[in-house]
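Reading through the structure tokens given below for one structure.
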Amino acid sequence: MRSYLDGGLTVEVLGGDVAAGPFRAEDARGGVAWLARGEPFQYLHAISFSGPGVRRGFHSHPGHRERLYVFSGRLRLIAGLGGETVDVMLDAGTLATFAPGVAHGLIAESASFAVSFGNGTDPIADTVPEPGLGN
């Protein structure tokens, strides 16, 4: 697991260790990813990116933590907190966790599919646009 922005952003490539918490496994039938265990979440969004250059997000959620899991493709994540910005590549099988207030936006490197989920306040009401992030 990698940590950025004083722990406000963590990024981990999920492996097959069931005992470790979130995990993913693949075989000839395809793959499975177990993303949340023992913790409630209030929303789950499916997010598709049609091809390279597609941008989504560029906002923050002051009142809740959010997670993003990349099922397929490759996404460039730009995240910021307190004037510091990081740029991280997220490949299929990667889980990113954003603490409350961490600004985040995604730019597709290829056609991609991801899900985001979180708990806390309503994600629609608790969204602050971050138009300067990634410009």
Side-chain angles (χ1 to χ4, degrees):
M1 180 183 309
R2 294 170 296 177
S3 180
Y4 305 91
L5 305 173
D6 292 325
L9 167 65
T10 59
V11 176
E12 61 184 306
V13 176
L14 299 186
D17 184 0
V18 175
F23 75 94
R24 71 182 170 115
E26 294 188 31
D27 60 23
R29 300 169 294 170
V32 62
W34 190 342
L35 305 175
R37 282 186 166 177
E39 62 181 273
F41 59 91
Q42 293 176 307
Y43 66 91
L44 173 68
H45 299 152
I47 310 161
S48 65
F49 298 80
S50 59
V54 173
R55 297 169 63 98
R56 293 194 178 270
F58 296 92
H59 61 257
S60 63
H61 304 287
H64 75 276
R65 179 180 74 163
E66 183 170 50
R67 288 184 167 177
L68 176 97
Y69 179 75
V70 181
F71 275 98
S72 64
R74 186 169 211 220
L75 299 171
R76 178 180 166 209
L77 165 66
I78 302 171
L81 181 66
E84 183 182 354
T85 302
V86 295
D87 194 318
V88 181
M89 288 299 188
L90 304 177
D91 291 307
T94 303
L95 178 67
T97 302
F98 309 100
V102 172
H104 51 282
L106 300 160
I107 303 171
E109 295 288 308
S110 65
S112 303
F113 181 74
V115 294
S116 68
F117 56 100
N119 55 20
T121 56
D122 177 343
I124 303 301
D126 183 41
T127 297
V128 176
E130 300 282 353
L133 185 67
N135 289 330

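Computed from a predicted model, the values in this text were never measured in an experiment. All residue numbers refer to positions in the sequence shown, counting from 1.
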If we ignore angles and hydrogens, is there a donor and acceptor under 3.5 Å between the side chains of H104 and E66?
yes
Show the atom names and distances, to 0.1 Å, of all donor-acceptor pairs under 3.5 Å that link a side chain in residues 74-85 to residues at least two apart or in another chain.
residue, atom, partner, partner atom, Å
R74, NE, D91, OD1, 2.7
R76, NE, D87, OD1, 3.0
R76, NE, D87, OD2, 2.8
R76, NH2, D87, OD2, 2.6

Given the side-chain rings of H64 and F41, with only the six-membered ring counted for Trp, is the space between their centroids under 6.0 Å?
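No, the ring centres sit 6.0 Å or more apart.
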Those residues that, when tested against T127, pass side-chain contact (heavy atoms from CB on, under 4.5 Å) (two or more places apart):
H59, H61
Over all heavy atoms of both residues, which pair between [X] and [Y] is shortest? Give the atoms and the distance, please.
| X | Y | answer |
| --- | --- | --- |
| A92 | S72 | CB-CA, 3.9 Å |
| V115 | A46 | CG1-CA, 4.2 Å |
| D126 | G63 | OD2-N, 2.9 Å |
| A108 | G51 | CB-O, 3.3 Å |
| A111 | S50 | CB-O, 3.8 Å |
| A114 | V70 | CB-CA, 4.1 Å |

Between [Y] and [X], is there a side-chain heavy-atom distance shorter than 4.5 Å?
| X | Y | value |
| --- | --- | --- |
| V11 | M1 | no |
| W34 | V32 | no |
| F98 | S60 | no |
| H45 | S116 | yes |
| R2 | V88 | yes |

Axial cation check for F58 ring with R56, 6.0 Å and 45° limits:
no
With a 3.5 Å distance limit and no angle check, can you tell me whether N119 reaches the backbone of P40 through a side-chain donor-acceptor pair?
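Side chain of N119 to backbone of P40: a pair is present.
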F71: partners by ring-ring contact (aromatic ring centres under 6.0 Å, His included), with sequence neighbours left out:
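F71 satisfies ring-ring contact (aromatic ring centres under 6.0 Å, His included) with Y69, F113 only.
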Verify same cluster id: [X], [Y] (apolar side-chain graph, 4.5 Å):
| X | Y | answer |
| --- | --- | --- |
| L35 | L68 | no |
| I107 | L133 | yes |
| L95 | F49 | no |

Any chance you could measure T10, atom OG1, to R65, atom CZ, to the nearest 0.5 Å?
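Nearest 0.5 Å value for the OG1-CZ distance: 8.5 Å.
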